[in-house]
Amino acid sequence: MTGFSAMPYDYEYFKREILKLTGIDLNAYKESQMKRRIDALISKNKIEGYEKYVLCLKTDRRKLEEFVNHITINVSEFYRDPAQWKVMEEKAVPELIVRFGRNLKVWSAACSTGDEPYSLVMAFSRHLPLGSIRIQATDLDREIIARAKEGIYPERSIMSVPSDLKRRHFRQEGDSFRITQDIKACVDFREHNLITDVYPTGCHLIVCRNVLIYFTEAAKDEVFRKFYRSLVRGGILFIGSSEQILNHSEIGYVRKNAFFYQKP
C-alpha cells in the first residue's frame, strides 16, 4: 500500500462517484469497515488513490464487477442459525398460513447466493405443496444473483439443512451440490437496492438476515421502517442473530421472539 497510503484521502469524492456509477450509496455503510475493504481492493490492484481507482472502474467493466462483488457482503448458508429456522418452520409459517391462506407474498431481501430463499422454500414445503410457494428474492449484485439462479453450493453451505430435505432436494456433483429444479422454480430473483429502490408492498413475510449489521444506524432505521410499510397487518419480519431493532416499538413492530417482529 505504499503508493496508495501516500495519496490524499478523498473518500467523499469517491462515495459520490460510486453512487453515480453503481447506485450504491456508501454513506449507508459503516465507514471504517467499508474503507478497509475498499483500500484493500485498491492495494490489491496496485492503484494509487481513489481518483485513479474511480477512473479504472469507469473504463474497466471487469474491475467494476470485482468492486461490486467485493463490497457487497455475500456470506450466506442454508438454514443459518438452525434453531431460528425451527421457529420459522414450526411457528411462523403455520401461523401465516392460518391467518392469510396459501397465497403468501414472501420477500427474501439481500438474498446473496440464494441460500436463504431456497431455505424458505424448503421450510414452507413442510406445510404447502411446492406449486403453492412463491418467493421473491432480491440482491443488488447482478453476478451474485446469477450464481443464485445456478444453484450450486459447496458442502459447507448445506451442512445445516435437515437430512430429509438434503436427500430430497440436492444432487451431488463432484465436491459440490446442486439444488433441484423443483425448489429453484419457486424463487423469482431480481436486482434491488435496499437504500435507493422502491420496496414491494403487501408482504406477508420479509426475511433479511445478517446484512444490516454493516449499515449505519440511520440507514438501518430507514430500512426497518420501509420493511414495516411493506408488510401487511399481521405480517412478519425475520432478521439475523446478530441484529436487533432497538426502537421496534417506536416503529410499530411487536417483538414475537428474539428475531421475529410482527406488524400488528
Side-chain angles (χ1 to χ4, degrees), residues 1-58 63-77 80-81 84 108-116 138-145 147-148 156-157 191-197 206-227 237-248 258-259:
M1 292 237 346
T2 51
F4 174 60
S5 60
M7 297 296 291
Y9 254 57
D10 192 359
Y11 191 58
E12 294 303 315
Y13 158 80
F14 183 77
K15 288 189 291 186
R16 289 194 300 272
E17 292 301 306
I18 291 302
L19 181 61
K20 287 188 283 188
L21 191 59
T22 68
I24 297 172
D25 186 358
L26 294 176
N27 287 311
Y29 297 86
K30 294 175 181 175
E31 186 165 305
S32 59
Q33 201 171 49
M34 189 54 70
K35 265 186 173 180
R36 283 196 301 272
R37 294 178 69 84
I38 294 168
D39 292 352
L41 192 56
I42 292 175
S43 177
K44 174 193 163 192
N45 282 291
K46 298 181 171 57
I47 295 171
E48 294 188 353
Y50 292 120
E51 189 172 353
K52 288 185 179 178
Y53 190 45
V54 166
L55 182 61
C56 173
L57 297 179
K58 287 179 176 178
K63 286 286 190 293
L64 180 60
E65 289 176 357
E66 177 193 48
F67 170 77
V68 172
N69 291 339
H70 187 74
I71 66 162
T72 53
I73 317 296
N74 291 305
V75 179
S76 190
E77 64 187 60
R80 185 174 180 177
D81 309 307
Q84 295 168 30
S108 174
C111 68
S112 187
T113 50
D115 313 47
E116 194 168 88
T138 64
D139 199 277
L140 61 76
D141 187 335
R142 184 179 305 167
E143 187 172 313
I144 287 297
I145 289 176
R147 284 171 54 189
R156 67 177 182 275
S157 292
E191 290 180 59
H192 182 269
N193 187 319
L194 284 173
I195 300 300
T196 59
D197 290 343
I206 298 174
V207 179
C208 185
R209 309 186 70 239
N210 306 302
V211 175
L212 300 185
I213 52 173
Y214 303 103
F215 283 29
T216 64
E217 291 304 315
K220 276 193 284 192
D221 181 71
E222 181 183 355
V223 170
F224 285 137
R225 290 177 186 275
K226 287 180 177 179
F227 282 155
L237 171 65
F238 180 26
I239 65 173
S241 57
S242 53
E243 299 164 329
Q244 55 183 321
I245 309 177
L246 295 174
N247 62 334
H248 66 271
F259 310 106

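Everything numeric in this text was worked out from a predicted model, so none of it was measured. Atom set for the values below is all heavy atoms of this structure, side chains included, hydrogens, waters and symmetry mates excluded.
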> Pick from L55, I18, D39: which one makes a side-chain contact (heavy atoms from CB on, under 4.5 Å) with Y50?
Replying inline: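 By the side-chain contact (heavy atoms from CB on, under 4.5 Å) criterion, Y50 pairs with just one of L55, I18, D39: D39.
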
> Among R36, K35, M34, which one satisfies side-chain contact (heavy atoms from CB on, under 4.5 Å) with I38?
Replying inline: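 For I38, the side-chain contact (heavy atoms from CB on, under 4.5 Å) check succeeds only for M34.
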
> Please walk me through it: do E12 and R16 pass salt bridge (Lys or Arg N to Asp or Glu O under 4.0 Å)?
Replying inline: CA-CA 6 Å; E12 294 303 315; R16 289 194 300 272; 5.1 Å; no

Is the side chain of [X] donor-acceptor paired with the backbone N or O of [Y] at a distance under 3.5 Å, no angle test?
X	Y	answer
R209	R80	yes
N45	L41	yes
D139	S112	yes
D81	Q84	no

For a quick test of reading the model, state the closest non-hydrogen atom pair linking [X] to [Y] and the distance between them.
X	Y	value
S241	F259	CA-CE2, 3.3 Å
K15	N27	NZ-OD1, 2.7 Å
L21	L64	CD2-CD1, 3.8 Å
C208	A110	SG-CB, 4.5 Å
A219	A28	CB-O, 3.5 Å
C56	K63	SG-CG, 3.7 Å

Does any part of the side chain of [Y], heavy atoms only, come nearer than 4.5 Å to the side chain of [X], both counted from C-beta?
X	Y	result
F224	N247	no
F227	L194	yes
I245	I239	yes
T138	C111	no

> Under a 4.0 Å N-O cut-off, is there an ion pair linking R147 with E143?
Replying inline: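 Looking at E143 together with R147, the answer is no, because their closest N to O distance does not fall below 4.0 Å.
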
> Above 12 or not: heavy atoms from other molecules or residues under 6.0 Å from CD of E243?
Replying inline: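 Atom CD in E243 is crowded, with more than 12 foreign heavy atoms closer than 6.0 Å.
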
